[in-house]
Amino acid sequence: MSQEGYDHTAVESRWQAAWDDAAVYHTPDDVEDPTYVLGMYPYPSGKLHMGHVRNYTITDAYARYRRMRGDDVLHPMGWDAFGLPAENAAKERDTNPRDWTMDCIDTMRGQMKSMGFGYDWDREITTCTPEYYEWNQWLFRRFHEEGLAERRDAEVNWCPSCETVLADEQVEGDAELCWRCDTPVEDRELEQWFLRITEYADELLEAIDDLEGWPNSVRQMQRNWIGRQYGTQLEFHIDGHGPVEAFTTRVDTIHGATFFALAPDHPISEALASEDDAVHEFVHHEADPEGDEPNGVETGLTATNPATGEEIPVFVADFVLSDVGTGALMAVPAHDERDHAFAEKMDVEIRPVIAPEPDDWDDDTAPDTPDVSEEAFTEDGVLINSGEYSGLRSETARERLTEAIESAEESTQYQLRDWGISRQRYWGTPIPIVHCHDDCGSVLVPEEDLPVELPEFINTTGNPLDAAEEWKATICPECGGSATRETDTMDTFVDSSWYFLRYVSPGAEEVPFDLDRANDWMPVDQYVGGIEHAVMHLLYSRFVTKTIADHEGLEHREPFTNLLAQGMVQLDGEKMSKSKGNTVSPQRIVEEYGADTARLFMMQAAQPERDFDWSEEGVRSTYRFLTRLADLVEEYVADDAATAPADADRDTVDDYVANETDAAVAIAGAEYDDLTFNVALREAQDLVRTLRSYREHAEPHPETYARGLDVAVRLLAPVAPHLAEELWETLERDGFAVDAEWPTATVDRVTVERRRRLVENTREDVRDIVDVAGIEDPQRIDVVVAPDWKYDALSIALDSDAGNLIGELMQESHIREQGDDAASYGHDLQANREALRETLSGDDEYDALRAAAWLIEREFDAPVVVERAADADDAVVRKAEPGRPAIDIVE
RNA sequence: GCGGGGGUGGCUGAGCCUGGCCAAAAGCGGCGGACUUAAGAUCCGCUCCUGUAGAGGUUCGAGGGUUCGAAUCCCUUCCCCCGCACCA
């Protein structure tokens with residue numbers, strides 16, 4: 001018995017080399033519709049962390065499982081290789097982003113190989129190579145040609161530390177911090193390239209409903225992010241400034257609008273600030289859009305309510321945001337909490353115009369006016385104090401008012417903004433544009449001149465491309481005059497928004513991807529990655545897929561059929577992070593315990609979407625399990641003498657083990673299908689435990705034992721592939737375990753569960769009796785299965801909906817013949833009518849109990865006799881019921 | 001505030017969708033036993049309370065409800081985590 005465990009290092013490197021030599025994970029281009037299993041490709045930051053290991057173990061286990069099921073599988077890996085950290089690292093180390101990145105990739109690829117992840121490395125992609133980013137540029141051209149890319153002045157999020165622009169999605173939290181470096185983000189006005197994702201807002205939103213293979217949380221986050229709202233856009237006239245657009249979802253409350261409010265950076269506010277000291281003071285010094293307290297200043301102007309003609313005061317208020325709606329709003333303090341708070345503070349009238357609809361409202365009587373002095377009434381209801389609209393329900397009133405007010409029209413607002421892709425950094429895809437020094441403007445670089453390659457890295461502050469004078473100077477493709485290259489590069493989310501298509505034909509030189517093959521192979525069947533990409537990456541990928549479907553003939557409008565957002569690996573309930581210093585190094589675990597242990601521990605610790613705590617104890621326990629399994633198989637092969645001769649009769653114990661082997665197959669397969677590896681692995685581990693007892697307590701029947709070991713190895717193969725491969729060979733099976741067929745079962749799950757329940761209950765009962773009766777040393781234990789008529793009676797009771805069950809039972813002569821026993825059992829059935837459950841048949845119960853008798857013998861060290869009712873003493877038989885055999889213990 | 005996910009025995013963590021066989025898997029920890037010179041590893045059993053033949057009691061955040069029956073379904077409430085948010 002090994003104490004220090006098996007030689008995982010030797011086993012793992014041996015099989016990694018063997019797989020490599022045989023190219024077992026290669027997916028030929030000509031396979032049809034392979035199962036596409038994909039983990040989100042990593043940013044090559046240097047080393048794999050536990051999050052990566054979990055992510056890629058999930059995809060790898062699933063890919064291996066599908067392969068054993070006979071599918072062709074596409075399971076590629078690549079590198080999200082552009083990005084700011086490389087630039088920072090290059091500066092620190094006085095190297096360049098390319099070399100640094102490539103080093104990281106080499107390290108991480110090696111680590112992935114040592115984890116035994118079965119990728120088709122022939123399809124590896126690296127986004128920072130011109131072979132890849134050429135197609136980002138090509139896509140940009142296509143976007144531009146289709147009017148989906150445009151350059152415009154924009155107020156942008158600027159991270160002073162990263163010295164670049166960030167998308168809204170990359171700004172986090174109330175404090176507006178950069179997602180990468182947590183620096184507070186500033187606003188800047190810059191000319192930027194945008195991809196018009198808002199063109200697809202409706203489809204992106206509505207198609208979420210059909211993404212049934214996605215977690216609800218992600219779907220909801222995307223819905224929120226798109227933030228579609230139906231409402232009314234209308235104009236309020238402000239003296240001296242003309243009509244001002246406002247957006248409202250509650251035009252039904254317009255008669256209660258008692259003031260009008262402008263964002264501090266609204267053009268009118270800015271105009272006023274230059275002439276009015278109070279407004280100037282407020283706009284430039286007091287306004288605090290981040291604060292909880294609504295602040296504002298009265299302008300002295302009035303706005304005309306387009307519904308009533310009423311003149312209402314105009315405020316500049318910091319709770320009005322210029323990027324929401326139109327940056328101007330009609331305020332209805334009686335029916336909006338925020339307006340209410342502001343009105344109270346500034347002492348503006350609060351005028352209720354909506355009343356809650358009474359329960360049995362007759363449509364005519366005016367409902368009671370709500371008390372809005374303390375709190376706004378914000379729900380829909382019935383209009384009051386609204387002239388001819390009084391008495392209408394909110395919804396109707398909205399329609400009518402939108403129709404009646406001249407400047408009003410229905411309007412849909414989105415929270416989603418266009419995707420600003422310009423980044424003022426070096427390490428990204430150059431945007432293929434040149435700015436003509438004459439009159440051609442911004443001109444696309446012609447397709448034949450792609451890729452626009454990055455120049456050598458210049459270590460400088462600011463954007464290194466700006467400093468690359470020679471590179472910048474070019475010729476205008478339109479007029480042949482001098483021109484300057486665009487120095488912005490693309491957001492790296494552009495790279496990842498279509499990389500899953502590139503894997504289909506990674507070497508394609510003429511096209512970004514092979515269209516026919518993509519049509520056949522896409523969408524990704526199972527995508528796995530972190531929840532942090534719920535909005536950005538997944539939304540952009542959906543958007544780009546849709547544009548490619550519309551303009552390039554891709555026949556899929558969604559890239560990912562099933563999405564799994566894997567949970568975090570924690571330590572003591574806290575997320576592992578470098579800054580907290582509570583990380584566990586995958587490399588150390590692999591060295592100490594092996595990749596199989598790390599993988600198996602993670603997969604059996606919890607469902608893949610749940611967070612779980614890393615536990616060194618758990619790892620050791622997993623390692624011991626694998627060691628025991630290895631010992632078991634090796635002993636079996638080394639020492640045939642321990643098993644019964646090949647022609648030996650099968651014993652009941654053998655039946656038990658054969659049954660349990662089948663049971664494990666039946667359950668594990670279904671659970672692998674659902675990606676609930678933890679449950680599947682429990683079966684595999686239980687089976688190994690059973691096999692160990694089998695060997696310990698009986699003379700294993702060679703066939704049964706061999707099949708048990710063989711099945712256990714295969715059930716574990718997706719998660720612990722190296723050891724599985726080693727043991728597969730030890731068992732002298734042909735070919736690779738990787739390519740082995742998934743075992744098949746002859747039982748269904750329901751039968752398995754009933755059988756196990758019966759055995760477990762019976763064992764439990766024997767224990768209880770021995771314990772309660774104080775039996776020191778049982779001489780014999782008789783287990784008696786109920787007579788057939790009771791099974792018949794039970795089945796009649798289950799089918800029957802008659803009021804008098806006993807009467808119905810007594811119509812059966814073979815039951816009636818039982819006399820008092822029948823009446824008594826009938827009463828039991830009647831009493832428990834609702835709780836009756838189907839059991840195994842009498843024969844099956846007899847077989848199952850005979851097969852399990854050895855467990856009881858082993859536990860109580862006494863012979864166990866399983867009998868049918870006909871062979872047993874009547875007094876004992878009387879206590880037996882279906883699902884519950886009678887037990888008689890002889891002291 | 002809105003939305004999403006949770007709260008299970010000493011700990012971790014299944015079960016909840018599809019109510020009953022659930023005092024509730026598995027692992028860890030703890031206890032007892034076997035083996036061993038010993039330790040480790042391994043194996044067997046125990047690990048909510050009471051009970052001299054398979055019983056009863058109290059448990060799955062809290063409180064109600066539905067049901068013959070609830071960890072599981074419904075409502076209310078408290079707490080934790082995550083995302084979004086002065087969103088007009």
Side-chain angles (χ1 to χ4, degrees), chain A residues 1-5 172-174 215-221 223-225 227 229 231 246-250 261 288-294 317-321 323-332 336-339 341-342 413-415 531-532 534-535 567-568 573 601 604-607 609-618 620-622 624-625 627-628 631 676 678-679 681-682 685-686 689 692-693 696-697 753-754 756-758 760-762 764-775 831-839 858-859 861 879 883-889:
Chain A
M1 191 76 42
S2 20
Q3 292 177 23
E4 56 291 308
E172 290 180 339
D174 284 341
N216 283 331
S217 56
V218 175
R219 295 209 275 173
Q220 196 56 39
M221 282 164 80
R223 286 192 191 102
N224 289 345
W225 190 262
Q229 267 190 318
F247 174 79
T248 178
T249 54
R250 292 298 305 275
D288 176 20
E290 264 88 64
D292 289 335
E293 187 75 358
D318 61 5
F319 71 84
V320 185
L321 307 176
D323 58 350
V324 176
T326 61
L329 58 83
M330 67 171 208
V332 185
D336 181 282
E337 282 171 26
R338 190 199 44 224
D339 296 350
F342 189 79
Q413 293 277 321
Y414 300 89
Q415 186 180 256
I531 188 73
E532 65 272 22
V535 175
M568 283 187 301
F601 167 68
Q604 52 109 68
Q607 293 173 2
E609 50 275 275
R610 296 268 282 234
D611 296 344
F612 79 95
D613 265 26
W614 181 265
S615 142
E616 198 78 14
E617 281 302 337
R620 276 198 283 272
S621 153
T622 302
R624 288 199 301 264
F625 166 78
T627 305
R628 288 197 296 269
D631 289 345
T676 38
N678 54 332
V679 182
L681 293 166
R682 185 164 82 210
Q685 291 181 298
D686 282 349
R689 193 200 326 262
R692 285 181 67 79
S693 301
E696 201 85 12
H697 295 275
E753 276 157 15
R754 283 184 190 151
R756 286 182 174 173
R757 184 60 57 191
L758 172 73
E760 203 32 65
N761 282 347
T762 306
E764 197 64 44
D765 284 347
V766 174
R767 274 177 216 135
D768 274 355
I769 294 167
V770 167
D771 186 35
V772 173
I775 298 169
N832 297 304
R833 197 85 182 264
E834 307 288 342
L836 298 177
R837 298 282 293 224
E838 214 175 313
T839 64
R858 186 186 69 188
E859 187 172 338
D861 199 22
K879 285 191 271 183
R884 186 132 222 204
I887 295 162
D888 189 46
I889 301 175

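This one's a predicted model, so the numbers in the text were calculated from it and none came from an experiment.
The P atoms of B:rC48 and B:rC60 are separated by 16 Å, rounded to the nearest whole Å. For the P atoms, the distance from B:rU50 to B:rU18 is 39 Å, rounded to whole Å. Taking atom C1' in both B:rG64 and B:rA70, one finds a spacing of 13 Å when rounded to whole Å. Here the separation of B:rG6 from B:rA14, taken at their C1' atoms, is 15 Å to the nearest Å. Taking the C1' atoms as reference points, B:rG5 lies 50 Å from B:rU52, given to the whole Å. Distance check on atom C1': B:rA23 versus B:rA71 gives 11 Å, rounded to whole Å. For the C1' atoms, the distance from B:rC43 to B:rA62 is 44 Å, rounded to whole Å. Comparing the P positions of B:rG69 and B:rG15 gives an interatomic distance of 27 Å, to the nearest angstrom.
The line from CG of A:Leu321 to OG1 of A:Thr326 is 11.5 Å long, rounded to the nearest 0.5 Å. Separating the CZ atom in A:Arg628 from the CZ atom in A:Arg689 is a distance of 8.0 Å, to the nearest 0.5 Å.
Across all strands shown, A:Gln607 has heavy atoms under 4.0 Å from sugar-phosphate atoms exclusively, and none from any base. Within 4.0 Å of A:Ser693, counting heavy atoms only, lie sugar-phosphate atoms of the nucleic acid but no base atom. At a threshold of 4.0 angstrom between heavy atoms, the contacts of A:Leu758 with the nucleic acid are absent. At the heavy-atom level, A:Glu617 lies under 4.0 Å from the strands shown only through sugar-phosphate atoms. Counting any heavy atom pair closer than 4.0 Å across all strands shown, A:Arg756 reaches no nucleic acid atom. A:Val320 comes within 4.0 angstrom of a base, heavy atoms only. Using a 4.0 Å heavy-atom distance criterion, A:Arg223 is classed as making no nucleic acid contact. Among the atoms of the strands shown, only primed sugar atoms or phosphate atoms (P, OP1, OP2) are found under 4.0 Å from some heavy atom of A:Gln229. As judged by a 4.0 angstrom heavy-atom cut-off over every strand, A:Asp323 is placed among residues making no nucleic acid contact. Residue A:Gly325 is in base contact, counting any heavy-atom pair closer than 4.0 Å across all strands shown.
The two residues A:Trp225 and A:Val535 have their closest heavy-atom pair at CG-CG1, 3.6 Å. A:Ala246 and A:Leu329 get closest at one heavy-atom pair: CB-CA, 4.2 Å. Taking both residues in full, the closest heavy atoms of A:Met330 and A:Asp339 are given as O-OD2, 4.1 Å, listed atom of the first, atom of the second, then distance. The two residues A:Ser615 and A:Phe601 come nearest to each other via the heavy atoms N-CZ, 3.6 Å. The minimum heavy-atom distance between A:Val320 and A:Ala328, with the atom names listed, is CG1-N, 4.1 Å. Looking at every heavy atom in both residues, A:Met221 comes nearest to A:Ala534 through CE-CB, 3.6 Å.
As rounded to whole Å, 13 Å separates atom C1' of B:rC28 from atom CD of A:Gln685. B:rC44 atom C1' lies 13 Å from atom CZ of A:Arg689, rounded to whole Å. Atom CD of A:Glu616 is separated from atom P of B:rG27 by 19 Å (rounded to the nearest Å). We find that CG of A:Asn216 is positioned 8 Å from C1' of B:rG4, with the value rounded to whole Å. If you measure from atom CG of A:Asp765 to atom P of B:rG51, you get 20 Å, rounded to the nearest angstrom. Straight-line distance from the CE atom of A:Met568 to the P atom of B:rG6: 15 Å, rounded to whole Å. Summarising the geometry, the separation between CG on A:Asn678 and P on B:rA14 is reported as 7 Å, rounded to the nearest angstrom. Distance, A:Phe319 CZ to B:rG1 C1': 16 Å, rounded to whole Å.
Taking the side chain of A:Arg884 as heavy atoms from C-beta on, and the options B:rA55, B:rA53, B:rA41, the nearest nucleotide is B:rA55. Comparing B:rC87, B:rA53, B:rG54 by their closest approach to the side chain of A:Asp888 singles out B:rA53. The A:Gln220 side chain lies nearest to B:rG4 when the options are B:rA88, B:rG4, B:rC86. Here the nucleotide nearest the side chain of A:Gln415, chosen from B:rC84, B:rA88, B:rG27, is B:rC84. Closest contact between the side chain of A:Arg624 and the listed nucleotides B:rC43, B:rC28, B:rC87 involves B:rC28. Across B:rA88, B:rG83, B:rG54, the shortest atom-to-atom separation from the side chain of A:Asn224 is found for B:rG83. With B:rG27, B:rA88, B:rC86 as the choices, the nucleotide that has an atom nearest any side-chain atom of A:Val324 turns out to be B:rA88.
Remark: B:rC84 base-pairs with B:rG1; criterion is Watson-Crick or G-U wobble with both hydrogen-bond distances under 3.5 Å. With a cut-off of 3.5 Å on both Watson-Crick or G-U wobble distances, the partner of B:rG29 is given as B:rU47. Across all strands shown, B:rC68 pairs with B:rG20; the Watson-Crick or G-U wobble distances both stay below 3.5 Å. When both distances must be under 3.5 Å, the Watson-Crick or G-U wobble mate of B:rG54 does not exist.
A donor and an acceptor atom never sit less than 3.5 Å apart when one is taken from the side chain of A:Arg682 and the other from the base of B:rA26.
Between A:Arg338 and B:rC87 there is a side-chain N or O to OP1 or OP2 distance below 4.0 Å. Look at A:Arg692 and you'll find a side-chain N or O under 4.0 angstrom from OP1 or OP2 of B:rC43. In this model, the phosphate group of B:rA14 is approached by a side-chain N or O of A:Arg610 to a distance below 4.0 Å at OP1 or OP2.
Ion pairing between A:Arg884 and A:Asp765 holds under the 4.0 Å rule for side-chain N and carboxylate O.
Toward the 5′ end of RNA chain B lies the nearest nucleotide of A:Asp611, the other residue of the pair A:Asp611 and A:Thr249 mapping further downstream. Closest-nucleotide positions on RNA chain B for A:Ser217 and A:Ile889 were compared, and the one nearer the 5' end corresponds to A:Ser217.
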